[in-house]
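Right, one structure below, let's go through it.
Below, chain A is the first sequence line, B the second, and so on; all start at residue 1.
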There are 2 protein chains.
Amino acid sequence: MNDSKTRDRKTSVWLVEDNAMFSMGVRRAVDSLGGMQCAGCYPTAEAAFAALDQETPPDVILLDVQLPGIDGITALQTFRKRVPEARVIILTVFDDADKIFRAVCAGAAGYVLKSSGIDRIGDAIRQVMDGGAPMTPEVAKKVLDAFSRIEPTLDRDSMEDYHLTERERDILRLMADGLLKKEIAQALDISVHTVSTHMRRVYGKLHVTTNTGAVAKALREGII
Amino acid sequence: MNDSKTRDRKTSVWLVEDNAMFSMGVRRAVDSLGGMQCAGCYPTAEAAFAALDQETPPDVILLDVQLPGIDGITALQTFRKRVPEARVIILTVFDDADKIFRAVCAGAAGYVLKSSGIDRIGDAIRQVMDGGAPMTPEVAKKVLDAFSRIEPTLDRDSMEDYHLTERERDILRLMADGLLKKEIAQALDISVHTVSTHMRRVYGKLHVTTNTGAVAKALREGII
DNA sequence: ACGGCCGTCGCATGATCGTGTGACTAGACG
DNA sequence: CGTCTAGTCACACGATCATGCGACGGCCGT
């Protein structure tokens, strides 16, 4: 979609952090780096929300999870709804597994420990703008562990679906993610024509004639 | 407990990969690095399983997910059952979110894209042996995306919806019924242009850019 | 009375999609 | 050995969609 590498505008960063001392340090660090700029600095989530109505939304939000007033996770959820295109990086001193779990569930784009040092924050910002998800290896490990723990209900088959092949379900899934055929083709490294062929067959099996119909049916019937 | 840095034995690595060309490249890369050794190289999961009965199990398994015969994910599950102590690193060209999701759910220790280059594989092996979870930033992003998708609703009650107008929801509903814009216009006895306008605004509020994306989001979030 | 939101309509352009048609490969099954 | 299925790719045509732009009347709140 967007080629962040060739962007001509500076990455706009908001900082939501109650500790004034730390806040100032981060702000200066961000501003001193090329390609990014701290466009807003708020001590509470409430203040940041209010600013959303006034200012132009940022590209990246650095969010401290332990804030006075609105909880950090809650704030994250609100940010995700009001500015989904903004990438939120959690900034905290805790590497508590449960906090990480809830943060990523809420749609955090990255999870950076304050103890990692201020200089790491710049890296994290660049990474999220390049589509990556900055995480320390320890955090990544905790994420995967949590993943394999919640696995229980993935093999709920038994119900006869519409005899879709695995490949057809793949394409359908990506369709339901809002991707264009072209993008699906790129994601699966196949030709757009092939994607079309698969979708054509899906239409037949699902007895629909439009992409929206197929996605809706798939979602409602739990095919994907 | 065990200090992997001062281990006196080389890390034993198995490679399960059908592409002989790539396979050989990885093998040489691994062997050329210090502290690890490619102890086995199998073109299929079946072959690797058979070897499990004969050879001593490896510390790390590099597993291509797109294998002839047994599916990569299935193979991963089997490995996890038969040699739980072995750390499995998924090696693939796909960065399909669903595949990644199922892989990590099945207990993958890491997920490395082939496109990242062979040299990254050595890093990944060291990382898993140090208890980390190697992931390319792109993969990490997809993992987080999948995460935030499986637990979408923690609020369900208090949270506001996307401020969709009643009319906009009408159009969205009909979209989710698989109707074309033209048909929606007829059904509501308005102009196609009006339908377009509504959908355009829905896109903005839902932060999507395709009809399928809008329908999927609406369905998943219970907007309609 | 004025601004803001909602619903409506229009147009134009380029991208995307649906569909008919055809074809090749690899593996599975008998 | 044929036959079938799944997956792949290609081309072409018309239909449909996304999007930027502009516009108008109605209703509501202050």
Heavy atoms only, 4.0 Å cut-off, all strands: where does Arg167(B) land among base, sugar-phosphate and nothing?
sugar-phosphate

With sugar-phosphate meaning primed atoms plus P, OP1 and OP2, does Thr197(B) contact a base, only sugar-phosphate, or nothing at under 4.0 Å between heavy atoms?
base

Residue [X], side-chain atoms from C-beta onward, closest of [options]:
X	options	result
Ser191(A)	dC17(D), dC17(C), dA10(D)	dA10(D)
Asn211(A)	dT19(C), dT8(D), dC17(C)	dC17(C)
Lys181(B)	dT19(D), dG18(C), dC17(D)	dC17(D)

Any donor-acceptor pair under 3.5 Å between the side chain of Arg201(B) and the base of dT8(C)?
yes

To the nearest angstrom, how far is [X] atom [atom1] from [N] atom [atom2]?
X	N	atom1	atom2	answer
Leu206(B)	dA18(D)	CG	C1'	16 Å
Gln186(B)	dT16(D)	CD	C1'	14 Å
Asp18(B)	dA26(C)	CG	P	14 Å
Leu164(A)	dT5(D)	CG	P	16 Å
Met175(B)	dT16(D)	CE	P	11 Å
Glu183(B)	dC17(D)	CD	C1'	14 Å
Met199(B)	dG20(D)	CE	P	15 Å
Glu168(A)	dG7(D)	CD	C1'	9 Å

When you compare the side chains of Tyr162(B) and Glu221(B), does any donor N or O come within less than 3.5 Å of an acceptor on the partner?
yes

When you check the gap from the basic side-chain N to the acidic O, do [X] and [Y] get nearer than 4.0 Å?
X	Y	result
Asp64(B)	Lys114(B)	yes
Asp177(B)	Lys217(A)	no
Arg28(B)	Asp31(B)	no

Does a nitrogen or oxygen in the side chain of [X] sit under 4.0 Å from OP1 or OP2 of [N]?
X	N	value
Tyr203(B)	dT19(D)	no
Thr165(B)	dG7(C)	yes
His193(B)	dT8(C)	no
Thr210(A)	dC17(C)	no
Lys182(A)	dC17(C)	no
Thr194(A)	dG7(D)	no

By nearest-nucleotide position on DNA chain D, the 5'-leaning member of Arg200(A) and Ser196(B) is Arg200(A)

Closest nucleotide of DNA chain D for Leu180(B) versus for Ile171(A): which of these residues is on the 5' side?
Ile171(A)

Passing option when Leu188(B) is tested against Glu183(B), His198(B), Arg167(B) for side chain to side chain contact (heavy atoms under 4.5 Å, CB included):
Arg167(B)

Please confirm whether the ring centroid of Phe49(A) lies under 6.0 Å from the ring centroid of Tyr42(A).
no

